[in-house]
Every structure is written in structure tokens, then in C-alpha cells.
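The next block holds one structure in the form of C-alpha cells; read it before the comments.
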Protein chains: 2
Amino acid sequence: MDSLTEENYIKSIYALSLATGEVFVSELAKKLNIKQPSVNSMMKRLATKKVVAYAPYKGIRLTEKGKKEALSIIRRHRLAELFLVKVMELGWEEVHDIAEQLEHVDSKRFYSRMDEMLHFPKFDPHGEPIPDSNGKIYTQKRTSLSDLAEGLTATIAAVGEDEKSFLDHLNAKGLQIGDAVTLKKREPFDGSVTLQHKSKKEILLTHQVAERIWVEVTFTRS
Amino acid sequence: MDSLTEENYIKSIYALSLATGEVFVSELAKKLNIKQPSVNSMMKRLATKKVVAYAPYKGIRLTEKGKKEALSIIRRHRLAELFLVKVMELGWEEVHDIAEQLEHVDSKRFYSRMDEMLHFPKFDPHGEPIPDSNGKIYTQKRTSLSDLAEGLTATIAAVGEDEKSFLDHLNAKGLQIGDAVTLKKREPFDGSVTLQHKSKKEILLTHQVAERIWVEVTFTRS
DNA sequence: TTAAAAAGTTAGACTATTCTAACAAATTAA
DNA sequence: TTAATTTGTTAGAATAGTCTAACTTTTTAA
Ligand SMILES: [Mn+2]
Ligand SMILES: [Mn+2]
Ligand SMILES: [Mn+2]
Ligand SMILES: [Mn+2]
């Protein structure tokens, strides 16, 4: 129905619109590494297909149809990532690039079997929610490790990136989803944080890294 | 390196050339459901890329490079099919269409994990040999069930089609790879055969079906 | 409230694939 | 060995995606 190219546009529009609701041609062009005029013509095409609402010089919005398609692609992506980690035993840092390809596979059976084998999972290996087959997605407000108060203990719930280099960095630091960490100290100068980790080791993260880690507060200082 | 389209051409050229060695534009066009002039221009392109040797009005031949690529695509296809059957528990009749898509996934890790999980398998779910990672393929001369002498018992080794409709037909007849069958009778009029099957049932197959089933003779009449 | 800067558009061009129409070469049949 | 028939090629056009160059509109800053 949609081409692989169109699917990638739709997914990016969805990702960018999560915050603001509206997406600009320039943002989308930057995200997709494509020039603005190319994005402009694609928007005309997607508007014709009723996937986006688009008026010149105004922003881009996904229609209901567009949102549904975006969620379906995201579902396939995250299901694939989890399958690659749980069933095929690949590392969380190497699955994103493969899932970028698998998400375009057109086969209900392929995905429904994944879903069954994984027992209808709710989160992908990076802690991101997997939309259900009706497009419902679990959204919770999350706290960034860069905002956690000193002295609090929290559990790592998600990481906001699935780029290999970022995940390799977390692997090197020994951090995983589900780990409990206590924020020992935040440096006022550069925002870097020192964590107490279950491994007993102290871990130092820069602000750049800490702000991409989402946590759930588990214990409050008494 | 090669586009999905180019990969599909290469795979088809390989399949068609197995018998004769040379492939004609008309055959390839028919197989790919593409018009002759389109095939003609693609052959020029693949010739430039040194994947095929092609001279106007002569046939098409894959170069060594082209053969290597064909075997690599076939390897990915068959590994994917077996993975879908053994790991994901899909039926042998539903995996071909998915494998047509998975074979184009660009990821060594994805395929090497499949290979490991399946313990470096030699045959796909339809009995076709899986080329190894160096492109070596196991070719044995096979006997068609349509040529098996009356009274002989043989084991079903492979089926020469992976179209769903054909495999659905075999499912309906209760035939699987590995089953022992004894050829009870061949009708001279239409070439249809009656088999004695392990299920104790007698199975009647038309010539059209029997000629697509490959067997290994296990017992000879004394 | 002007003048830059940033964002968005149009026009025109290029590659990858594919098609139809028309013509040429090779093969087959009479 | 001519005349069909089949096969293969060229030429020209179309669609999906993308790009650069050249504007135009909006936004921001002075
Ligand atoms: Mn991902
Ligand atoms: Mn993810
Ligand atoms: Mn197949
Ligand atoms: Mn097969």
C-alpha cells in the first residue's frame, strides 16, 4: 500500500510530532537526511493519499489514517527488536538496524507469530512501549536520570536512543533496563551524575548520557 | 550493493540456468512478469556490473561473481524458510512469500544467528539444499515420483515448488518430506499414480503433481 | 519597521524501473 | 528457401524519489 520510502516518512513525522503535534519540512528533512524540496514533494503525495494534512507554509500533521499507519510500523519495529533480542539472542545494541528493515516486511503471520512467541509483550528492548494491534500505545510520563534528585533510587525503564554507539556506551558502563541506581551526586558545573549501581560500582555519566535515560523512582529518601 | 530488483533478476537467472546454462530474455521476462524490453535494459545494466555476460541475441549467463551472488540470495531465502518453520512454527506452505522479503535483508548477524540456531542446516523445508556461506551447494541427482517404477518404495526428499497452492494440495493429501511411499500403480493413460503411504491410506496423485515430487529410492523389489 | 536569516516552494534535471510501439534478427514451418 | 512466427532491440515515455538552483514567504533581529 505504502512504499518503504513512504513508511519511513510516516514514521519520522510521527516521531517528530510527539512533542509538538506539528512538524516542519526543515525538521523532517534533517531527520531523514533528505533535502527540503524532496520532502516538500513527498508531503504533496502523502496529502493526496490522505496520510497527512498539509498546507503550504503551515506545518505537517498526520491524519488519523496516518497515525494508524505510523503506529503499525512502530509496532512492527519494536516487536522485531524484541524478537531479535529474546528469541535470536542478539544484543540490544545491534537490533535497531535490522528492525529498520524488518519493519517493512508485509506479512501479518510473521508479526502475529512474533507476538505470540513473545507472549504479547508491552515493551521493546530499549524500554519503549509496543503499540498493540489496534494501535493503542502505553504512554507514561517518565523521569530523566538528569532530573532525578540526589539521594533518590530509581529503576532504569528506558533509553531514549537505539543508536549502536549510545548503547555500546551503556554496555561499557554496565547499565541495563531494570537496573536500580541511586543518584549519589550531580555536578552543578556540567550536570554529570555519579550513580550507585547494584554492581556495587560507582558509575559516572555525562549529562548528555543521563538525559537520555528514563527512570522510575522506586524509593524515596525517608 | 545490488538493489532488491537486481537481486530478484539474479536469482531468476540462476534458477532458469540450472538446466541449460543459458537463459533467454523471453524466459526471464515470463518468469519475472516483466516485459522483454525491461529485461533487455536490466541485462545491459547487470552486464556493466559484471554480474552477467550478455551479448545481443545470444543468451544470458551469470559470471562467477553473479553466481556467487545468486547462491548468497538463495542461501538467505532457504535459511529464512527453515527458520520460519523450525523456530517460528509456520507451515511450509506459508513461508515462501515471507522469505521472498527476508532474503533481501542486509545483515550478516541476522543470518549467522539463524544458521547457528538451526545447527547449520543442509536443507530447507521443501527439501532444497541450502548453499553454505562459501556458496557451496549440495546437488544430487534426484528421481521424480513420476519416474519411479511400480512396486518400488521411496522417501520423499523434496518438492520442486514452494507455491502455497501446491503445498496446500500436498497437505490435503497428507504428504510430507521424509515420508515413505510405495508406488502401487501408474495409470498409462494419464500418468497418475497411486501410492501406499505410511498412514495406511492409498493416495492418488496426478502426473502434474507427481512430477514435482522428488524421491530417494529406499527399497528395491526382491 | 526594515533587513537579514530561516523556512518553504517551484522549476528543471537525473537515476532506477518499467511500459508500449515499432522495427530487426533468428528460428520454424511450409 | 521463402514466409510466418518468435525473439530481441531501440526509441520514447511514465512514475517514484531525489537533487540543485533560484525564488518567495515567514520569522527574527536590529
Ligand atoms: Mn529501534
Ligand atoms: Mn527500540
Ligand atoms: Mn521458497
Ligand atoms: Mn524452499
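Just so it is clear, the values below take in all heavy atoms, side chains as well, and ignore hydrogens, waters and symmetry mates. Proteins get letters first, then strands, A, B, ... in listed order; numbering begins at 1 in each.
- For C:dA16, neither phosphate oxygen OP1 nor OP2 lies less than 4.0 angstrom from any side-chain nitrogen or oxygen of B:S3.
- Rounded to an integer number of Å, the gap from NZ of B:K35 to C1' of D:dA13 is 16 Å.
- Between A:I60 atom CD1 and C:dG8 atom P the separation is 8 Å, expressed in whole Å.
- Atom P of nucleotide C:dA16 and atom NZ of B:K44 are separated by 14 Å, given to the nearest angstrom.
- Remark: A:Y54 is in phosphate contact with C:dT9, judged by side-chain N or O atoms under 4.0 Å from OP1 or OP2.
- A:P37 comes within 4.0 angstrom of a base, heavy atoms only.
- D:dA16 atom C1' lies 14 Å from atom CG of A:N8, rounded to whole Å.
- Each of A:Q36 and B:E27 lies near DNA chain D, and the nucleotide nearest B:E27 is the one positioned closer to the 5' end.
- Using a 4.0 Å cut-off, no side-chain N or O of B:S41 falls inside it from OP1 or OP2 of C:dT17.
- Here the nucleotide nearest the side chain of B:S38, chosen from C:dT18, C:dA21, D:dT20, is C:dT18.
- Checking side-chain atoms of B:R186 against main-chain N and O of B:L148 turns up a donor-acceptor pair under 3.5 Å.
- For A:Y57, no side-chain nitrogen or oxygen approaches OP1 or OP2 of C:dA6 to under 4.0 Å.
- Residue contacts shown for B:K30 are absent, as no nucleic acid heavy atom lies under 4.0 Å away.
- The residue A:K58 sits apart from the nucleic acid: no heavy atom pair falls under 4.0 Å.
- Among D:dT20, D:dT7, C:dG8, the nucleotide with an atom closest to any side-chain atom of B:S26 is D:dT7.
- Between the CZ atom of A:F24 and the P atom of C:dT9 there is a distance of 11 Å, given to the nearest Å.
- The interatomic distance linking A:L28 (CG) with C:dT9 (P) rounds to 12 Å, in whole Å.
- Residue B:E6 places its side chain closer to C:dT17 than to any other of C:dT18, C:dT17, C:dT20.
- Classification of the A:W92-A:H126 ring pair by plane angle, with boundaries at 30° and 60°, yields parallel.
- Residues A:S41 and A:R45 bring no donor and acceptor atom of their side chains to less than 3.5 Å of each other.
- Considering only side-chain atoms of B:N40, the nucleotide from D:dT10, D:dT18, C:dC19 that sits closest is D:dT10.
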Go through the steps to decide whether B:M42 and B:V39 satisfy the test side chain to side chain contact (heavy atoms under 4.5 Å, CB included), and finish with yes or no. CA-CA 5 Å; B:M42 181 58 87; B:V39 171; 5.7 Å; no
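- For the residue pair B:H77 and B:D124, no side-chain donor N or O sits within less than 3.5 Å of a side-chain acceptor on the partner.
- For the pair A:M43 CE and D:dT18 C1', the computed distance is 13 Å after rounding to whole Å.
- Separating the CG atom of B:L4 from the P atom of C:dT18 is a distance of 10 Å, rounded to the nearest angstrom.
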